There are 2 protein chains.
Amino acid sequence: MMVFMARAATTSDVFNAIAERQRREILVLLQSGERPVSELAGELGMAQPGASKHLRVLREVGLVRDRKAGKLRLYSLDGRGLRPVHEWTGGFERFWNDSFDRLNAYVQDLEQARQEE
Amino acid sequence: MMVFMARAATTSDVFNAIAERQRREILVLLQSGERPVSELAGELGMAQPGASKHLRVLREVGLVRDRKAGKLRLYSLDGRGLRPVHEWTGGFERFWNDSFDRLNAYVQDLEQARQEE
DNA sequence: TTGACATATGCCGATATCGACATATGATGG
DNA sequence: CCATCATATGTCGATATCGGCATATGTCAA
């Protein structure tokens, strides 16, 4: 009995969580301090329920925290989960930084162009 | 007339392209050199058509190149597109590296724990 | 040309996803 | 308790996504 898995769940995976533009924008906004949902929704130009859902995803992967503050619920950034992504991409640094690989990429650009003539 | 946009197209966006585990594995495999599709498929334990489709996505966002080599079609890494991701996540470095923010996160962990009692 | 091998594409089924909307839950103050 | 404000959740419609499978395209070699 094989249950289908159409795509990796967006929750439970930081890579998927930040694949969404609006969620990335939320994280950027939270860099300057904690905010309630409705304020974030306003700044993103989206409705409150949508913002709540994005925040839920971000919370489930641990990129965001919330604390109650009176009637409000303040969300704050927890950037620690972004570190693995930073390090994973950093593993490819030589493919854009190293002069040999830059030259290599250049040569392949030329080959590509020649092939497409 | 508003056309629906259920989710950002995986093509045309590097963040979405690397949101998929198998595509990330392909990129890692290509770090050690160019490979044909069928070899990648074998190493990933998936069928060739699946690997071809993932490679198509990676090619469309510019993370991968291909060149014809006889009967084969060799795919190679072009890591340059990962740089923006590395830099974007790097913008959050202080949220995991800075001692103040580490302390801050620690305190919030405590508050969280207390709140959930 | 024909056959063999390598790769790409098309279709299907199951499911995830996102925005919009309505509504439920929750907390506060009177 | 009740009204109010803030937030969360549920449902729906449209679409994207992924693996599996069959099949088309492409490339070589004899």
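The structure presented is a predicted model; accordingly, all values stated were derived computationally and were not measured. Below, each value reflects all heavy atoms present in this structure, side chains not excepted, and no hydrogens, waters or symmetry copies.
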If you check every side-chain atom of [X], which of [options] has the closest atom?
X: A:P49; options: D:dC21, D:dA8, D:dC18; value: D:dA8
X: B:K53; options: C:dG19, D:dG20, D:dT7; value: D:dG20
X: A:Q48; options: D:dT7, D:dC18, C:dG19; value: D:dT7

Send over the distance from [X] [atom1] to [N] [atom2], rounded to a whole Å.
X: A:I26; N: C:dC18; atom1: CD1; atom2: P; value: 11 Å
X: A:E20; N: D:dT15; atom1: CD; atom2: P; value: 17 Å
X: A:L55; N: D:dA6; atom1: CG; atom2: P; value: 16 Å
X: A:M46; N: D:dA8; atom1: CE; atom2: P; value: 13 Å
X: A:R67; N: D:dT7; atom1: CZ; atom2: P; value: 13 Å
X: B:L74; N: C:dA8; atom1: CG; atom2: P; value: 11 Å
X: B:R56; N: D:dG19; atom1: CZ; atom2: P; value: 15 Å
X: A:E25; N: C:dG19; atom1: CD; atom2: P; value: 11 Å

Show each protein N/O and nucleotides 25-28 of chain D N/O combination with a separation under 3.5 Å, one pair to a line.
from   : atom 1 : to    : atom 2 : distance (Å)
D:dC28 : OP1    : B:G70 : O      : 3.4

Applying a strict under-4.5 Å side-chain criterion to I, L, V, M, F, W and Y, I'd like to know whether B:L44 and B:L77 cluster together.
yes
Do you know the tightest heavy-atom contact between [X] and [Y]?
X: B:V57; Y: B:A17; value: CG1-CB, 4.2 Å
X: A:R80; Y: B:F95; value: CG-O, 3.9 Å
X: B:Y75; Y: B:L30; value: O-CD2, 3.4 Å

Is the distance from OP1 or OP2 of C:dC18 to the nearest side-chain N or O of A:R23 less than 4.0 Å?
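True: A:R23 side-chain N/O within range (under 4.0 Å) of C:dC18 OP1/OP2.
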Does C:dA6 have its OP1 or OP2 closer than 4.0 Å to a side-chain nitrogen or oxygen of B:Y75?
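It does not, given that no N or O in the side chain of B:Y75 lies less than 4.0 Å from OP1 or OP2 of C:dA6.
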Among B:V85, B:V61, B:D13, exactly one meets side chain to side chain contact (heavy atoms under 4.5 Å, CB included) together with B:I18. Which residue is that?
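The side chain to side chain contact (heavy atoms under 4.5 Å, CB included) with B:I18 is passed solely by B:V85 among B:V85, B:V61, B:D13.
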Which comes earlier along DNA chain C counting from the 5' end, the contact point of B:S52 or that of A:H54, where each point is its nearest nucleotide?
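Nearer the 5' end of the strand: B:S52.
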Any side-chain to backbone donor/acceptor pair from B:R59 onto B:D66? Under 3.5 Å, distance only.
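Answer holds: no.
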With side chain to side chain donor-acceptor pair (under 3.5 Å) as the test, pick out the partner of A:T89 among B:E87, B:H86, B:R83.
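Of B:E87, B:H86, B:R83, side chain to side chain donor-acceptor pair (under 3.5 Å) with A:T89 is met by B:H86 alone.
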